[in-house]
A.B. asks: 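Attaching a single structure in structure tokens format; questions to follow.
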Amino acid sequence: MSKAKDIPIPEKIEGYSQVRLDINLTDGMIEKSELLKDFCREWVGGYGFGAKVLWDELEPGIDPLSPENIFVYAHGPFPTTILPTSSKYGVFAKSPLTGMFGMAISSGSVAAQARRSGINMMVIKGKAPELSYLVIDDDDYYIEPCKDLLAGKGCFDTEEILREEFQDQRLAVMAIGPAGERMSKLACITNDRNRQAGRTGMGAVMGSKNLKAIAFRGTKGIKVAEPVEFYKLAKKLIKVANGPATAKYRDLGTPAGITSYNKLGMFPIRNYREGTWEKIDDGTFTGDTLNQDWVVKKVACSQCSIACDHITQVPKKHPHWPNLFSSIDVEMCYSFGTNTGNEDWPTVFKCVSLCDDLGIDAISGGVTASMACELFDVGLITKKDLGYELPFGSTVNLVRFTEEMIKGEGFAGEIFGDGCKQAGIRLEELGRKNAGYYGMHIKGLEMPAFDLHGMTSFAVGESVSIRGACHLRNGAYGLDAKGTFDRFGYDKAVERGNAIIKLEDIYAIIDSYIICKFTRGIYENDAEMAKVYELVTGIPATDESIAKRGAAILNLSKCFNIREGWTRADDHPPEKFFKEAHTKGPAKGVTLKEDGYQKLLSGYYEARGWDTETGIPKDETLKDLGLDFVIGKLKAATAGGKKK
Ligand code: SF4
């Protein structure tokens, strides 16, 4: 199989602007350089660019919240083309939440405006002397102090204020809120009001650099290598994207999944105690109810006709949150809904809106709030601690808890303001024995909307994710939901490993292109996905070549984690799944089995070409992927087999 270097490269490549900006916030220097064609071919865009820069330029072992951390912004070759869902950007840094590879991806208008300004990637280092914002205005790049204009403002206001300043509603703004300014490890970046680069604390990294916001606008056009052929293929893809392949995202939105995953016993209820809920069975808390009773509008990102973003409105007469608008998807329905035992939709909307505006990841925020509800239930935190009660099913008090957690105020903020893992550590330091057991995270990142009791393939897929608990690194939940393998069993370890890897590698490409995973189904096959890349960039691509680039990108970010001290023990689901069974539903009486899980994990490592004991990539695997440059540093990092 060929390496990237074997893929012929044309005289000129298109799609990419090939412009890298290096921004040193400490001294305010901004340098522009050219991204070489080879770099673009080898690392594709978004995730690939982030993985390579962090491997090459980040000093191992640094504090993620220190000026030494590197914050990378990158998009791929597609923004402002007509390819559906391609206005996406990624941010990458060492994560303050996991201490490993951090990444978050968002949609909206940012990538389109950034591409129009002519940039492709920004590498931001150092720390500004005071809270500042960065402006990318075509070829005008500058850093401005926030002064009173933006300090302490929520993300929604920050965006509006900057648009007002520039007298331009097209201005695209990535902003952090008060949570990012105080460097909460849960902090996200919000853009276009409803879109978040949410996961792994990338907002805290911006906060640690005194970077409140980045504003983009531009007027430049884009060229593609084969315009006629690309137009034909993109037109076909747009047509398919408006058809049945994405209907569920357009109609009910991702909350369509609540009912189906509840039936399978896979939807998290009460901090992952159960996988089914009578409030879903009886129609109180479903995607249908949400849409019928609360959704007032559907919104699309730039370059998208799917409009998966469902906007809800609380009526003007509501006693607590009148006329509240919020953006909702399935992850929020469990994180602040079923997982906190809460069936009250306006409570969910209010909590999500607080997260989006004040700036934390609403998945991590909800799962941390769910942990607090369970700790209250088992008596490990009390009314005396919080100042109010917080049983499962709380409404007004859940909102109060959420606001304090985000702002870092009171017991809720002090203990839970940096997520589940830190909350467990802090409570155990206070003598609350075993409190960490109730924190549902992997590698420090809070878990997504899947309960793992009866999901043995996804238990592995989610645990090996390089950014911590995540449904978007390989989507292996589909293997369990579709019955590809026995979801309660532990057979076919290597075969399952290969199935996870196939998904993982193509997802790494999707996150490098970057496009929405919702649109994977609009491509006839991976060869067609390769074809759009070739037609836009002029760089030859096949299904085999893109899968191999995906594998190289994934392996490189895995090596980053190893260099930061990762060990096999980090690829493990929370203990609760092994100790407590569901009391009802399809997974009644089921727990994960440690020996079975370990067998599947070794099978995945074997299929990856990693050492089956340690999970470290073998030299021949790295060489085959063209990652020879990693080998020496990896050996140095793992010498003696000790964690740093
Ligand atoms: S599918 Fe949804 S998230 Fe993706 S580009 Fe369209 S509206 Fe945005």
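Computed over heavy atoms, backbone and side chain alike; hydrogens, waters and symmetry mates excluded. Indexing begins at 1, ligand by ligand and atom by atom, following the structure's order.
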A.B. asks: For Ser117 and Asp138, test the side chains for any donor-to-acceptor distance below 3.5 angstrom and give the result as yes or no.
C.D. replies: no
A.B. asks: Identify, by atom number and element, the atoms of ligand 1 in contact range of Cys308, meaning under 4.0 Å from any of its heavy atoms.
C.D. replies: 1 (S), 2 (Fe), 3 (S), 7 (S)
A.B. asks: Answer yes or no: is there an ion pair linking Lys223 with Glu14, defined by an N-O contact shorter than 4.0 Å?
C.D. replies: no
A.B. asks: Contact between ligand 1 and Arg195 is defined here as a heavy atom of the residue under 4.0 Å from a ligand atom; is it met?
C.D. replies: yes
A.B. asks: Within the 4.0 Å heavy-atom shell around Ser107, which atoms of ligand 1 are there?
C.D. replies: 3 (S), 8 (Fe)
A.B. asks: Could you check whether Arg195 pairs with Asp309 (Lys NZ or Arg NE/NH1/NH2 to Asp/Glu carboxylate O, under 4.0 Å)?
C.D. replies: yes
A.B. asks: Starting from atom 8 (Fe) of ligand 1, locate the nearest protein heavy atom and write down its residue, its atom name and how far away it is, to 0.1 Å.
C.D. replies: Cys301 SG, 2.3 Å
A.B. asks: If you have a sec, work out which protein heavy atom is nearest atom 6 (Fe) of ligand 1 and how many Å separate them, to one decimal?
C.D. replies: Cys304 SG, 2.2 Å
A.B. asks: Taking the six-membered ring of Phe156 as reference, does the cationic atom of Arg193 (NZ for Lys, CZ for Arg) lie under 6.0 Å from its centre and within 45° of its axis?
C.D. replies: yes
A.B. asks: Classify the angle between the aromatic ring planes of His75 and Tyr73 as parallel (below 30°), tilted (30 to 60°) or perpendicular (above 60°).
C.D. replies: perpendicular
A.B. asks: Specify the protein heavy atom at minimum distance from atom 4 (Fe) of ligand 1: its residue, its atom name, and the distance to 0.1 Å.
C.D. replies: Cys516 SG, 2.2 Å
A.B. asks: For atom 1 (S) of ligand 1, find the nearest protein heavy atom and state the residue, atom name and distance (0.1 Å precision).
C.D. replies: Phe518 CD1, 3.6 Å
A.B. asks: Do the side-chain N and O atoms of Thr98 and Lys443 include a donor-acceptor pair separated by under 3.5 angstrom?
C.D. replies: no
